[in-house]
Trainee: 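My questions will all concern the structure given below.
Residues: numbered from 1 along the sequence shown.
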Amino acid sequence: LHCEDASRARSILSELLQTGDERVQFEALLPLGHYQHPDDTEALATCLVDPPVLFRFALEALIANQNPRAVPAIADAIRHRYEHSIMLGLKAIAQLGGPEAEATHIAYLRNRSEDIRETAALGLVAVGTQLGLRILTGLINEGQRNGAFVTAAQALKERLGVTSGTLALV
């Protein structure tokens, strides 16, 4: 598409997301996300609602959009959701990255659900920072020997090129 045609198409798709008709929203989400235009992030994030299928499609569209500015909206949307939706949201946040991604994953490391804690730990590997490694190592050294924490810490050490003598796991 020419630039003006693409702009018009994005505008139409964005308007379709505002219809409230789930079937129309499903059809518009992924095409709009694939344009990868940062201005579309907010429109895509408006679909992070129930039903869960629409929520999942919105996550996929935001991943396709590749804009880390979506992370706060996703983090807010998963705050009061069921376990499966939280895990999907954390995975999407890990793929998008950005400064808020690390904080969101760290916040879920102490969740009561082991599956959510595991997803958060693996998300820290994808985000790939020294702080994430320090947090995981600290939790392990506090006695939280969750197998996912150990695996994630080892993978993060490798990703960051940390030698075994630095931040050694006890």
Trainee: Find the distance between CZ (R134) and CG (L156) and round it off to the nearest 0.5 Å.
Mentor: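 If we round to the nearest 0.5 Å, R134:CZ and L156:CG are 10.5 Å apart.
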Trainee: Applying ring pair (Phe, Tyr, Trp, His ring centres under 6.0 Å) as the test, list every pair that has at least one member in residues 43-69; sequence neighbours left out.
Mentor: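 Those involving residues 43-69 are F26-F57.
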Trainee: Under a 4.5 Å cut-off applied to non-hydrogen side-chain atoms, are E27 and L16 in contact?
Mentor: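 Result no, sub-4.5 Å side-chain heavy-atom pair not found.
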Trainee: Report whether I116 and L59 are members of the same hydrophobic cluster (ILVMFWY, side-chain heavy atoms less than 4.5 Å apart, transitive linking).
Mentor: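 Both belong to a single hydrophobic cluster.
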Trainee: Taking all non-hydrogen atoms of both residues into account, name the closest pair between D76 and R79 and its distance.
Mentor: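 Result for this residue pair: OD1-NH1, 2.6 Å.
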Trainee: Would a hydrophobic clustering, with Ile, Leu, Val, Met, Phe, Trp and Tyr connected at side-chain separations under 4.5 Å, put V150 with L160?
Mentor: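 Yes, same cluster.
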Trainee: Can you name the nearest heavy-atom pair linking L54 to L29, along with the distance?
Mentor: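 It is CD1-CD1, 3.6 Å.
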Trainee: What's the separation between atom CG in N67 and atom CD in E42, rounded to the nearest 0.5 Å?
Mentor: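 Atom-to-atom, N67:CG and E42:CD are 11.0 Å apart.
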Trainee: With a 4.5 Å cut-off on side-chain heavy atoms, are L48 and L62 touching?
Mentor: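 Answer yes - side chains close enough.
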Trainee: To the closest 0.5 Å, what do you measure between CG (L13) and OH (Y35)?
Mentor: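 Reported to 0.5 Å precision, the distance equals 6.5 Å.
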Trainee: Does the side chain of L109 reach to within under 4.5 Å of the side chain of L124, using non-hydrogen atoms?
Mentor: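 They are in contact (side-chain heavy atoms under 4.5 Å apart), so the answer is yes.
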Trainee: Let me see the working for L133 and R159 under side chain to side chain contact (heavy atoms under 4.5 Å, CB included), right down to the final yes or no.
Mentor: CA-CA 10 Å; L133 179 57; R159 178 171 180 192; over 6 Å; no
Trainee: Can any side-chain N or O of S11 pair as donor or acceptor with the backbone N or O of S7 at less than 3.5 Å?
Mentor: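 Such a contact is absent between S11 side chain and S7 backbone.
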Trainee: Can I get a per-line list of side-chain donor-acceptor pairs under 3.5 Å for residues 81-91, giving both atom names and the distance, sequence neighbours left out?
Mentor:
unit_1: R81; atom_1: NE; unit_2: A77; atom_2: O; d: 3.2
unit_1: R81; atom_1: NH1; unit_2: D50; atom_2: OD1; d: 3.1
unit_1: E83; atom_1: OE1; unit_2: S113; atom_2: OG; d: 2.9

Trainee: Once you round to the nearest 0.5 Å, how far does CD1 of I93 lie from NE2 of H105?
Mentor: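 Result: 6.0 Å between the selected atoms.
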Trainee: Considering all heavy atoms of both residues, which atom of A70 and which atom of T41 are nearest to each other, and what is their separation?
Mentor: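 Smallest interatomic distance, heavy atoms only, reads CB-CG2, 3.5 Å.
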Trainee: Nearest 0.5 Å please: distance from the NE2 atom of H34 over to the CD atom of E60.
Mentor: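 CD of E60 is found 8.5 Å from NE2 of H34.
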Trainee: Could you go step by step and tell me if D5 and R8 meet the salt bridge (charged side-chain N to carboxylate O under 4.0 Å, His left out) rule?
Mentor: CA-CA 5 Å; D5 292 337; R8 174 115 171 92; over 6 Å; no
Trainee: With distance as the sole test, does R69 use its side chain to make a donor-acceptor pair with the main-chain N or O of G98 at under 3.5 Å?
Mentor: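 A pair under 3.5 Å: no.
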Trainee: If you measure from CD1 on I63 to CG on L44, what distance do you get to the nearest 0.5 Å?
Mentor: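 These two atoms lie 11.5 Å from each other.
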Trainee: Does any part of the side chain of I106, heavy atoms only, come nearer than 4.5 Å to the side chain of L131, both counted from C-beta?
Mentor: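 In contact.
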Trainee: Quick one: does any side-chain atom of N65 pair with a main-chain N or O of H37 as donor and acceptor, under 3.5 Å?
Mentor: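 Side chain of N65 to backbone of H37, a donor-acceptor pair under 3.5 Å: yes, one is there.
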Trainee: Heavy atoms only: give me the nearest L136-A121 pair and the separation to one decimal.
Mentor: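 So the two residues come closest at CD2-CB, 4.0 Å.
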Trainee: Of all the heavy-atom pairs spanning C47 and A58, show the shortest one and how long it is.
Mentor: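 Closest pair (atom of C47, atom of A58, distance): O-CB, 3.4 Å.
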Trainee: Please tell me whether Y108 and I74 are part of a single hydrophobic cluster in this structure, the criterion being side-chain heavy atoms less than 4.5 Å apart.
Mentor: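 Result: yes, single cluster for both.
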Trainee: Write down the atom of L17, the atom of Q25, and the distance for their closest heavy-atom approach.
Mentor: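 Looking at all heavy atoms of both residues, the shortest contact is O-NE2, 2.8 Å.
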Trainee: Taking R117 for the side chain and R112 for the main chain, is one N or O donor matched with an acceptor at less than 3.5 Å?
Mentor: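 A pair under 3.5 Å: yes.
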